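Note that the structure is a prediction, hence the values are computed from the model and not measured.
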Amino acid sequence: MQIVDEQHGTRGFQTDVAMRDGVTLNTFVFLPADGGPRFPVIVHRTPYGITTPAGAAVTDPARGWVPSAAAPLYGPILRGWQAIVAHGYAVVYQDTRGRYASQGEDRVYADDAADGYDTLEWIAEQPWTNQRVGVSGSSAAATTALAAASTGHPSLRAFFAQVGASSIYDDVVYEGQAIELERLWLWVAKNIPGLSASHKHAAMRRAAATAARMAAARDSAGACYGRLEAAGHDTPPFIECPDWLRLPLTNHPDFAVWQPFLNEILTHPAPDAFRTAHDFRRTITIPGFHATTWYDIFLTSVLAAFQEIQARTGTQKLWIGPNAHHFIYRTNYWPRDPYFEWFGHYLKDEPSALIDEPAVFHSPRAWVEAEENYRPDDWRHTETWPPVGARTRRVFLTGDGRLGAAPAGDPRRYTYDPRQPNPTLGGRNMLIPAGQVDQRPAQALQNYGLMYTGEKLDRALTLAGAVRVTLHVSSDCPDTDFIAKLIEVTPDGRTLLLMDGVTRALYRESVLDPAQNHPQPLESGTVYPVTIDLADIHHTVRVGSRLQVDVVSSNFPRRARNTNSGHPVLADDSEADIRVAINTVYHAAGTPSFVEMTVLVE
């Protein structure tokens with residue numbers, strides 16, 4: 001035990017906590033100077049390092065991570081040990097398995113439920129805990145918090161999780177059964193430096209590599225990351241970058257050497273036991289605070305966690321603000337900071353107005369251009385999501401390229417060549433530009449896809465909930481992707497992306513019923529229904545704007561390119577497997593295509 005904060009007398013120590021398989025995890029404990037001897041505890045488990053800066057003095061609790069004064073709400077470790085201890089809690093930080101100073105191999109959440117439980121069990125045996133524990137975290141650390149919460153440990157009373165996945169594979173990596181690429185590639189490459197010595201040695205054995213080969217792969221992966229990131233500044237972005245276009249996705253010569261679990265991640269194309277094991281929300285029964293943004297890559301997963309757990313417990317809160325993943329770290333995202341209100345109630349029995357407020361608090365603006373000038377003064381309370389008064393409105397895609405009140409018209413066709421994908425321009429991205437971005441540069445490309453445009457609105461239309469597109473389609477290939485975009489065409493001609501979604505045709509049935517997880521190839525000339533979920537939003541389409549629905553087959557690198565091969569494990573396909581598809585959308589009454597929007601009727 002040492003004094004880690006001379007001014008306040010905070011005590012701290014480092015220890016290696018043993019998991020059930022004997023692997024030890026680097027752990028810091030911080031204790032208040034006064035009170036006790038037993039305290040409520042808040043736990044943070046993160047793959048991003050627990051010291052400042054990450055990777056420095058990795059076993060020194062005096063260097064334990066704290067946010068800067070300029071950005072007090074930043075970071076996967078929420079609020080930092082100094083602020084938490086000042087509120088009378090003990091604090092536990094832990095490097096997750098295979099990261100920084102922890103032993104074992106990093107298997108990207110595969111061990112976080114068991115390791116979370118074992119850590120909670122260790123805490124329960126310590127003389128400084130009063131057996132009232134909360135778990136907390138943001139982004140990846142939110143997922144580890146949810147993993148721990150899923151185990152039902154008796155000491156765990158509440159969690160606070162923001163912008164993180166509750167079922168990472170079903171909701172994010174394989175949304176619509178397509179592969180989400182931008183975050184996966186950039187995140188894996190960026191996090192290689194944080195892999196621990198024990199992980200490195202295990203990876204060396206797996207690859208039969210020398211230390212020199214590992215060093216070269218690390219340097220090459222770093223250079224590759226630089227090129228991937230730089231490609232976002234090209235015109236058009238991404239689609240001519242060899243590093244983004246590389247096939248196959250499996251056995252990446254640099255990434256997979258250091259992170260062999262990447263191949264495991266890429267080879268579960270449909271719902272299965274592996275993916276179900278990472279569905280942490282299905283067993284959570286404790287009170288939980290969920291926070292996200294309308295263009296967070298994890299939006300759908302946060303919403304699903306809130307809705308499913310709330311249905312079981314009635315003890316959940318959900319806050320949704322504007323913009324993308326990282327905006328949540330800015331102080332002006334938050335109408336107020338609810339962190340200590342939440343844990344104060346559930347860990348210390350403190351009265352809190354937060355508990356009696358309606359379950360959902362959200363921004364009616366999904367996107368604001370000038371983040372630095374944003375003020376969260378227009379958020380709305382509602383007991384449910386979508387809010388009371390929301391209704392479903394159906395609009396049909398017609399054969400003349402319009403949006404209408406009834407199905408009509410002949411089929412429309414377009415060519416999809418995986419060698420010439422459409423670039424990702426905005427949307428729910430994490431590490432590439434997100435949000436409401438003008439689609440005209442993509443729409444101008446040859447073989448972009450199909451566009452359906454509505455009439456000018458003579459009154460504002462507020463979207464408040466889920467949007468879903470149902471298509472009747474055919475293809476001359478056994479597999480392809482169908483991607484739908486909901487767009488606002490402004491009076492000045494901009495085509496602003498509001499929402500997008502994808503369904504991989506080979507596994508189209510599993511989107512609606514995960515039990516239908518076997519491949520179902522398309523037969524040329526046969527018409528099939530395909531459902532595409534575009535997630536949720538709160539956005540008002542202005543008077544004079546038009547709605548537009550685009551149907552395309554690539555959105556790259558948000559989605560990995562479907563090669564159209566029909567092979568179940570798309571990630572194994574090479575350039576030789578690429579086929580050019582002619583995809584057809586139908587519009588007649590017997591085979592209608594339409595968009596269903598949740599709209600607010602004031």
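In summary, Asp171 and Arg281 engage in a salt bridge, as defined by a charged side-chain N under 4.0 Å from a carboxylate O. Between Asp500 and Arg559 there is a salt bridge, since a side-chain N of the basic residue sits under 4.0 Å from a carboxylate O of the acidic one. By the 4.0 Å N-to-carboxylate-O rule, Arg20 lies too far from Glu121 to be salt-bridged with it. Salt bridge Arg428/Glu180: absent, no basic N to carboxylate O contact under 4.0 Å.
Asn263 and Ala256 make their closest contact through OD1-CB, 4.3 Å (heavy atoms, listed as atom of the first residue, atom of the second, distance). In terms of heavy-atom proximity, Ala353 sits nearest to Glu341 at N-OE1, 4.3 Å. Contact detail for Val360 and Trp385: the closest heavy-atom pair is CG2-N, 4.2 Å. What you find for Pro72 and Ala70 is that their closest heavy atoms are CD-C, 3.6 Å. Nearest heavy-atom pair across Met499 and Leu497 is O-CD1, 3.3 Å. A pairwise comparison of heavy atoms in Thr96 and Pro47 identifies OG1-CA, 3.3 Å as the closest pair.
The shortest side-chain heavy-atom distance between His538 and Leu463 does not fall under the 4.5 Å cut-off. Side-chain contact check for Tyr93 versus Pro61: every heavy-atom pair is 4.5 Å or farther apart. Counting heavy atoms from C-beta on, the side chains of Tyr295 and Asn429 never come closer than 4.5 Å. Put simply, the side chain of Thr382 does not reach to within 4.5 Å of the side chain of Pro358, judged on heavy atoms. Residues Phe289 and Phe343 form no side-chain contact, since every pair of their non-hydrogen atoms from C-beta on lies 4.5 Å or further apart. Proximity of Val133 to Val41: side-chain heavy atoms (C-beta onward) are separated by under 4.5 Å at one or more points. For the pair His199/Arg99, no side-chain contact is recorded, criterion being any heavy-atom separation below 4.5 Å from C-beta on. Taking the side chain as every heavy atom from C-beta outward, Ile297 and Glu175 never approach each other to under 4.5 Å.
Within the structure, the side chain to side chain donor-acceptor pair (under 3.5 Å) test picks out the following pairs touching residues 133-149 (sequence neighbours left out): His44-Ser136, Ser136-Tyr339, Ser138-Gln162, Ser138-Tyr329, Ser139-His325. The list of side chain to side chain donor-acceptor pair (under 3.5 Å) pairs with a residue in residues 101-111, not counting sequence neighbours, reads Thr24-Gln103, Glu105-Arg206, Asp106-Gln259, Arg107-Asp111. Evaluation of the side chain to side chain donor-acceptor pair (under 3.5 Å) test over residues 71-86, restricted to residues two or more places apart or in two chains, returns Arg79-Asp337.
In this structure, a donor-acceptor pair under 3.5 Å is present between the side chains of Ser510 and Gln177. Judged purely by distance below 3.5 Å, without hydrogens or angles, the side chains of Thr540 and Thr462 pair a donor atom with an acceptor atom. With 3.5 Å as the limit, one finds a donor-acceptor pair spanning the side chains of Gln94 and Thr27.
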* What do the steps show when you test His87 against Ile84 for side-chain contact (heavy atoms from CB on, under 4.5 Å), and what is the final call? -> CA-CA 5 Å; His87 281 80; Ile84 299 173; 5.8 Å; no

* **Thr424/Arg558 under side-chain hydrogen bond (donor to acceptor under 3.5 Å, both in side chains): CA gap, chis, key distance, verdict** => CA-CA 6 Å; Thr424 298; Arg558 169 80 165 119; over 6 Å; no

* To do: Quick one: do Phe280 and Thr151 satisfy side-chain contact (heavy atoms from CB on, under 4.5 Å)? Show the steps, please.
  => CA-CA 9 Å; Phe280 300 128; Thr151 65; over 6 Å; no

* To do: Let me see the working for Leu25 and Arg97 under side-chain contact (heavy atoms from CB on, under 4.5 Å), right down to the final yes or no.
  => CA-CA 6 Å; Leu25 304 185; Arg97 182 179 291 243; 4.1 Å; yes

* Dump the intermediate steps for side-chain contact (heavy atoms from CB on, under 4.5 Å) on Thr315 and Ile286, then the final yes or no. => CA-CA 7 Å; Thr315 60; Ile286 60 173; over 6 Å; no

* **Full working for side-chain hydrogen bond (donor to acceptor under 3.5 Å, both in side chains) between His153 and Ser155** => CA-CA 6 Å; His153 193 279; Ser155 70; 2.9 Å; yes

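Under the 30°/60° scheme for interplanar angles, the aromatic rings of Phe28 and Phe30 are found to stand perpendicular. Using bins of under 30°, 30° to 60° and over 60° for the plane-to-plane angle, the ring pair Tyr169/Tyr174 lands in the tilted bin. The aromatic rings of Tyr48 and Trp187 sit perpendicular to each other, their planes meeting at more than 60°, with 30° as the lower class boundary. Between Trp319 and Phe361, the ring-plane angle classifies as perpendicular under the 30° and 60° cut-offs.
Checked against His290 for a side-chain contact (heavy atoms from CB on, under 4.5 Å), the options Leu303, Val163, Val302 give a single hit: Val302.
Looking only at distances, a side-chain donor or acceptor of Arg63 sits under 3.5 Å from a matching main-chain atom of Thr52.
The line from NE2 of His278 to CD1 of Ile168 is 9.0 Å long, rounded to the nearest 0.5 Å. Rounding to the nearest 0.5 angstrom, the gap separating the CG atom in Leu31 from the CZ atom in Arg11 is 5.0 Å.
For Tyr117, there are no side-chain hydrogen bond (donor to acceptor under 3.5 Å, both in side chains) partners two or more places apart in sequence or in a different chain. Thr51 meets the side-chain hydrogen bond (donor to acceptor under 3.5 Å, both in side chains) test with no other residue; sequence neighbours excluded. Every residue two or more places apart in sequence or in another chain was checked for a side-chain hydrogen bond (donor to acceptor under 3.5 Å, both in side chains) with Tyr333, and none qualifies.
For the pair Lys348 and Phe340, the cation-pi test (distance below 6.0 Å, angle within 45°) is failed.
In summary, the aromatic rings of His539 and Trp294 are positioned with their centroids too far apart to meet the 6.0 Å limit.
Taking a 6.0 Å sphere around CG of Asp377, one finds it holds more than 12 heavy atoms contributed by other residues, nucleotides or ligands.
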